[in-house]
Participant: 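The structure's right below; bear with me while I get my questions together.
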Amino acid sequence: MRIVKPGVKHFLQFKDFTRDEFDYLFERTRWIKEQFKSYQQHRPLIDRTLVMIFEKASTRTRLSFEAGMQQLGGAAIYLNTRDSQLGRGEPVEDAAQVISRMSDLIMIRTFEQETVERLSAYSRVPVINGLTNEYHPCQIMADIYTYIEHRGPIQGKTVAWIGDSNNVCNTWLQAAEVLDFNVRVSTPPGYGVEPERAGLYGTDHFEQIDDPMAAATNADIVTTDVWTSMGFESENEERKRDFADWQVDADMMRVARHDALFLHCLPAHRGEEVTAEVLDGPQSVVWDEAENRLHVQKALMEYLVLGHMNS
């Protein structure tokens, strides 16, 4: 039963929601996943439509949003900028006004955060950031839910980010501020968190540590991402050299807490940012993490369309 319906609300950065909202969403995710696993239908979005706009390639984002919307009873429509008028110069603002008159939700996976902001400013319906160069909020929702599922509340815990300070790292920093945990970031020289981003997030929940082993020591979560993100392929060989000492391996996991979890948003390059021994090892929860994109996004879409729900 629906009990509250908010006005149009977007999810463009992790900090767009409060801690209370995330507490609700994580509990809602638990219930939705439980229903799914027990083959109980939950279809609150019958006759609702999600439009998915892709400018960047995707596996997990498309699959989790498309399957999730169908499981909630709605329909998902895939638009690629190469195959639509957006790819032929139609202003984002115009596209937003048209698409939002024909749908109930918009998810966009693109390059610049500014594009997502412009889209949401002219949309009549909620817009979800499926990934930009700057942020990846849906991924961190899944990561945090996965930790909660395995270990309980994340408040007060320590996350060690090893590698490139990319969009996923930026979003971990926002999440730490909202949910009150700590992030240690260790990167090669020249790849650290941008000073303006460090300033945005303050210093209470964020520490830059040069030595990756020191960053991982006694951490509750050790996490990383590929050394070369989409859009930086021309730097691949240089990055392989620069990041050689920032590989998550068994020695690094041994200095973390004995019950530490390893997370990776995938796809992973075994033998580069993480060894196969760690990725496929007992502390790795990357497959649960990937699956949980489906469940957290179902809770997110339900919330953005219908507001708080009673089970």
Side-chain angles (χ1 to χ4, degrees), residues 11 14-38 40 42 60 64 68 136-162 168-169 171-186 201 204-207 209 215-225 248 250 252-266 274 278-300 302-303 308-311:
F11 189 51
F14 198 92
K15 67 179 183 179
D16 287 343
F17 287 177
T18 66
R19 180 169 170 177
D20 286 345
E21 286 178 299
F22 283 115
D23 286 345
Y24 165 78
L25 285 168
F26 292 141
E27 176 56 29
R28 193 66 183 163
T29 297
R30 182 199 62 76
W31 185 86
I32 286 173
K33 184 174 182 179
E34 186 178 84
Q35 296 299 109
F36 178 75
K37 293 294 186 181
S38 59
Q40 299 298 310
H42 175 61
R60 279 151 290 275
S64 57
H136 199 355
C138 293
Q139 180 64 55
I140 300 308
M141 274 189 68
D143 292 4
I144 292 171
Y145 179 75
T146 302
Y147 182 82
I148 292 170
E149 191 174 50
H150 283 267
R151 297 288 187 263
I154 198 170
Q155 283 74 25
K157 303 300 183 182
T158 297
V159 176
W161 176 269
I162 311 297
V168 182
C169 176
T171 311
W172 271 114
L173 296 179
Q174 284 197 354
E177 291 290 319
V178 175
L179 299 181
D180 190 25
F181 60 89
N182 307 301
V183 179
R184 300 176 189 155
V185 177
S186 183
Y201 309 133
D204 290 345
H205 298 87
F206 161 55
E207 185 178 5
I209 298 179
T217 299
N218 293 322
D220 299 280
I221 295 171
V222 178
T223 184
T224 189
D225 196 359
V248 179
M252 186 175 291
M253 293 304 299
R254 274 192 285 269
V255 303
R257 288 179 57 88
H258 70 91
D259 60 348
L261 299 179
F262 174 74
L263 296 173
H264 192 306
C265 63
L266 303 178
V274 60
V278 170
L279 187 71
D280 301 318
Q283 290 174 281
S284 173
V285 290
V286 298
W287 314 119
D288 291 343
E289 178 188 2
E291 179 191 345
N292 282 335
R293 286 286 300 277
L294 171 69
H295 305 300
V296 298
Q297 287 165 190
K298 286 166 72 173
L300 174 64
E302 178 192 76
Y303 176 65
H308 283 256
M309 303 279 286
N310 283 334
S311 300

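Since the model is a prediction, treat every value here as computed from it, not as a measurement.
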Participant: May I ask you to test the Leu266-Arg60 pair for a side-chain heavy-atom distance under 4.5 Å?
Facilitator: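 Touching, per the 4.5 Å side-chain cut-off.
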
Participant: Taking C-beta and beyond as the side chain, do Phe26 and Leu179 meet within less than 4.5 Å on heavy atoms?
Facilitator: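 Side chain of Phe26 against side chain of Leu179, heavy atoms only: contact under 4.5 Å found.
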
Participant: So which atom in His205 and which in Phe181 form the shortest heavy-atom distance, rounded to 0.1 Å?
Facilitator: CD2-O, 2.9 Å

Participant: Looking at Asn182 and Asp204, what are the two nearest heavy atoms and their distance?
Facilitator: OD1-O, 3.7 Å

Participant: So which heavy atom on Ala216 is nearest to which on Met252, and how close?
Facilitator: CB-CG, 3.5 Å

Participant: What's the separation between atom CZ in Phe11 and atom CE in Met141, rounded to the nearest 0.5 Å?
Facilitator: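 So the gap between those two atoms works out to 5.5 Å.
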
Participant: With side chains defined as the heavy atoms from C-beta onward, is the minimum distance between Ile154 and Phe22 less than 4.5 Å?
Facilitator: no

Participant: Please give me the minimum heavy-atom distance between Ala175 and Ile140, naming the atom from each residue.
Facilitator: CB-CG2, 3.9 Å

Participant: Which heavy atom of Ser284 sits nearest to which heavy atom of Val278, and what is that distance?
Facilitator: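 In this case the closest contact between Ser284 and Val278 is CB-O, 3.3 Å.
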
Participant: Are Trp161 and Val168 side-chain neighbours, meaning at least one heavy-atom pair lies under 4.5 Å?
Facilitator: yes

Participant: Aromatic rings Tyr303 and Tyr24: how do their planes relate, parallel, tilted or perpendicular, breaks at 30° and 60°?
Facilitator: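 Ring orientation of Tyr303 relative to Tyr24: tilted.
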
Participant: Does Ser38 reach the main-chain N or O of Glu34 with its side chain, forming a donor-acceptor pair under 3.5 Å?
Facilitator: yes

Participant: Thr223 and His264: side-chain contact (heavy atoms from CB on, under 4.5 Å), yes or no, with the steps?
Facilitator: CA-CA 6 Å; Thr223 184; His264 192 306; 5.6 Å; no

Participant: Tell me, do Ile148 and Thr29 make a side-chain contact under 4.5 Å, heavy atoms counted?
Facilitator: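 No, too far: nothing below the 4.5 Å cut-off.
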
Participant: Is it the case that the side chain of Gln35 and the backbone of Gln40 share a donor-acceptor pair, with hydrogens and angles ignored and the cut-off at 3.5 Å?
Facilitator: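 Pair absent, no side-chain N/O of Gln35 close to backbone of Gln40.
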
Participant: Are any side-chain N or O atoms of Glu291 and backbone N or O atoms of Asp288, one a donor and one an acceptor, separated by less than 3.5 Å?
Facilitator: no

Participant: With a 4.5 Å limit on heavy-atom distance, are the side chains of Phe262 and Val274 in contact?
Facilitator: yes

Participant: Can a donor-acceptor pair be found, under 3.5 Å and without considering hydrogens, that links the side chain of Thr224 to the backbone of Ile162?
Facilitator: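 Here the side-chain-to-backbone pair exists.
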
Participant: Is Arg30 paired with Glu27 through a side-chain N to carboxylate O contact shorter than 4.0 Å?
Facilitator: yes

Participant: Is there a donor-acceptor pair under 3.5 Å between the side chain of Ser186 and the backbone N or O of Ile209?
Facilitator: yes

Participant: Let me confirm one number: the NZ-CH2 distance from Lys298 to Trp31, rounded to the nearest 0.5 Å.
Facilitator: 9.5 Å

Participant: Using 0.5 Å steps for rounding, measure from the NE2 atom of His258 to the CG atom of Asn218.
Facilitator: 10.5 Å

Participant: Could you grab the distance from atom CE of Met309 to atom CZ of Arg28, nearest 0.5 Å is fine?
Facilitator: 5.5 Å

Participant: With a 4.5 Å heavy-atom cut-off, do Lys33 and Asn292 have their side chains touching?
Facilitator: yes

Participant: Got a donor-acceptor contact below 3.5 angstrom from the Thr171 side chain to the His136 backbone?
Facilitator: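 The answer is yes, because a donor-acceptor pair under 3.5 Å joins these two groups.
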
Participant: Under the ring-ring contact (aromatic ring centres under 6.0 Å, His included) rule, what do His295 and Tyr145 come out as? Steps first, then yes or no, please.
Facilitator: CA-CA 9 Å; His295 305 300; Tyr145 179 75; 8.0 Å; no

Participant: Can any side-chain N or O of Arg19 pair as donor or acceptor with the backbone N or O of Asp180 at less than 3.5 Å?
Facilitator: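 Side chain of Arg19 to backbone of Asp180, a donor-acceptor pair under 3.5 Å: no, none is there.
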
Participant: How many angstroms lie between atom NE2 of His150 and atom CD1 of Ile221, to the nearest 0.5 angstrom?
Facilitator: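 So the gap between those two atoms works out to 11.0 Å.
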
Participant: Minimum heavy-atom separation for Arg184 to Ala215, with atom names?
Facilitator: NH1-O, 2.9 Å

Participant: Treating Arg257 as the side-chain partner and Thr158 as the backbone partner, does any N or O pair qualify as donor plus acceptor under 3.5 Å?
Facilitator: no

Participant: Is it the case that the side chain of Glu289 and the backbone of Leu263 share a donor-acceptor pair, with hydrogens and angles ignored and the cut-off at 3.5 Å?
Facilitator: no

Participant: Nearest 0.5 Å, what's the CD-CD distance between Glu302 and Gln297?
Facilitator: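 Interatomic distance, Glu302 CD to Gln297 CD, rounded to 0.5 Å: 14.0 Å.
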
Participant: Could you walk me through whether Tyr147 and Asp220 pass side-chain contact (heavy atoms from CB on, under 4.5 Å), step by step?
Facilitator: CA-CA 9 Å; Tyr147 182 82; Asp220 299 280; 3.9 Å; yes

